[in-house]
Amino acid sequence: MSDIKSTPRRQETPATPPGGFSNTRTLLLSAVWALIAGLAASLCATLVMGLLRLLAGIPTPVEMFGDFTLKHINVDTFIRLLATYSKKTYPLGLALLGMIALGTVLGLLYALAVRIKLPANGYRPGRREWLVGLAIALAMTLVATILFWRELPQNFLGWPYTTARILTILGLLLDFVVYGLVLCLGFRALLPKRPVATADVAVAQRRQLLARGGVVALGVGAGLGTWGAIQKYVSDYTAYDGMKTAFPKHIIPQITPNNDHYVVTQNPVDPDPNVALWRLELTGLLNKPGSYSYDELQKLPSTSRAITLECIANGENDHLIGNAIWHGVSLRTLLDQHGGAQSNARYIGFYCIDGFNTTLPLKEVLDADPLLAWNMNGAVLPRRHGYPLRILIPGRYGEENPKWLTRIDFSQEFTDGLYSAQGWYNGVLHTMSRIDLPYRDIPIRAGDSVPMTGIAFAGNRGIQRVEVSTDAGTTWKDATLEPPTSKDSWVFWKSTWQPTRAGDYTLTVRATDGTGAVQTSRRQGTVPNGATGFSRVKITVM
Ligand SMILES: Nc1nc2c(c(=O)[nH]1)N[C@H]1C(S)=C(S)[C@@H](COP(=O)(O)O)O[C@H]1N2
Ligand SMILES: [Mo]
């Protein structure tokens, strides 16, 4: 008794009702149960996110966070990330774990805000708890909506721009309301309860155990469900990303078959659009804005043209380039249906259902006579190439040829662009040429007549001349050009080489575009401005 007198009593202690827990104990128990409730709530919300993604095509906050990050980092960081994570799902997995952890820790904030005296009175959350839970849900929705404003208008089932944005916001609201609800009910259920005078102690204990077991089971169930949703999501992983144009025996056809065409995508999982939901919208500064269903679009006058597509990441003698015959409506024809663009429109923006977008100078784009394509080499546009609709803009690198297109917007200002925001070059593509034959591993003897072949490409400028050199660029010889498949396609060149002496040779090639400009010899890698310089092949003649 004597030490009670000697320790000064703290002010708050008398507030503890009879049978109440000490402050320390209340704090400790609240914290532990708040974390557990936070984790269960997080897992339930994650499950809802997964279901909304799989069933309604609504992007998860994790994917939007990924998109947001990609737009806010520079090329160097982007390349470093690519090198660090071999798969896009790894950083997304980390982001998901981070989000679950955040939701768990947020449970503490909730406990702090509701300040429930322990032991608690009963299982039903009080007004304050409901309000705090709701406030958390609304605040999280608001923060995510503001942060991801530009990432919201995307939907993997193909809902158009504005609808997609609304659906995503509603999805966020549902995610976070579920979070708030489970947190509210779960925290209450977990807390130790004040014994009720009339009740049987054993019954009360059993009820408490059941309630705790229930919350844990809910969390574990949601966790397992989330795991299942992740498995389903990952089973559709875009493993073909970065696939190069097939190159059997270094001989390629003029027209690349669909299955052999190179693929590049920003998405861990590409959209799987439902054309019944999808629309192409024309908005902004044009005389008659409008919208088309898939069927309506196909009733427009359409045309076919070979257009070669090259990724800006296509390096020396590389194969991120392909040529297909695209069928669809030309942008000019479409624009004519809408009275043309208004005179103050200077830019044209393309928005896609996967949240990808680009902005380009309107005049340049119209001059290039782009094609909005729904067929590729006679087949319905394959999913990985942008089903139901993509645009081909001759003269620009692949990154500015949007797939899964849903909206074309005419504006006075430059608005948006994923890769241009990172600092990738966004001008007309550089003239390139490539040597396909001969290649290093084929045996060549002095006196052989060696066929030389390859491609050259300069977008819509066309190719007027290709020269080859077998002495590392000291002397040049004109190659023969095959007729191109269109004015916007690559050109096949061929030549022959008769080495007279054994030794090491460097073969090289240079192209002249349709304007008469010779391909630059200045050597530059693909990042961030697109590769330049002459392609070389080293050959040993025996
Ligand atoms: N909507 C959308 N369009 C996109 C992309 C994308 O990720 N999303 N990738 C771009 C890039 S970087 C390239 S190189 C081309 C590749 O087109 P392909 O896969 O049909 O060859 O698509 C472009 N269009
Ligand atoms: Mo690309």
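Every number for a ligand or one of its atoms is a count from 1 in the order of the listing. Computed over heavy atoms, backbone and side chain alike; hydrogens, waters and symmetry mates excluded.
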Within 45° cone of [Y] ring axis and under 6.0 Å: [X] NZ or CZ:
X: R407; Y: F350; value: no
X: R390; Y: W374; value: no
X: R53; Y: F156; value: yes

Treating T256 as the side-chain partner and G322 as the backbone partner, does any N or O pair qualify as donor plus acceptor under 3.5 Å?
no
N/O donor-acceptor pair under 3.5 Å between T358 side chain and E400 backbone:
no
Report the part of [X] in contact with ligand 1, treating N, CA, C, O as backbone and CB onward as side chain, heavy atoms under 4.0 Å; options are side chain, backbone, both, neither.
X: H261; value: side chain
X: D354; value: side chain
X: R390; value: side chain

Quick one: look up the protein heavy atom nearest [atom] and list residue, atom name and how far away it is.
atom: atom 21 (O) of ligand 1; value: Y262 O, 2.8 Å
atom: atom 3 (N) of ligand 1; value: K403 N, 2.9 Å
atom: atom 15 (C) of ligand 1; value: G398 O, 3.5 Å
atom: atom 7 (O) of ligand 1; value: Q266 N, 2.8 Å
atom: atom 9 (N) of ligand 1; value: V264 O, 3.5 Å
atom: atom 6 (C) of ligand 1; value: F356 CD1, 3.6 Å
atom: atom 24 (N) of ligand 1; value: N401 O, 3.1 Å

Subset of ligand 1 atoms that lie under 4.0 Å from at least one heavy atom of [X]:
X: C352; answer: 1 (N)
X: H385; answer: 18 (P), 19 (O), 20 (O), 21 (O)
X: P402; answer: 3 (N), 24 (N)
X: E399; answer: 10 (C), 11 (C), 12 (S), 13 (C), 14 (S)
X: C311; answer: 14 (S)
X: T265; answer: 7 (O)

Ring centers of W476, F534 separated by less than 6.0 Å:
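When the ring centroids of W476 and F534 are compared, they turn out to be within the sub-6.0 Å range.
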Judged by modelled atom types alone, do [X] and [Y] share a side-chain donor-acceptor pair under 3.5 Å?
X: Y240; Y: D270; result: yes
X: T485; Y: N323; result: yes
X: N267; Y: D354; result: yes
X: R434; Y: H319; result: yes

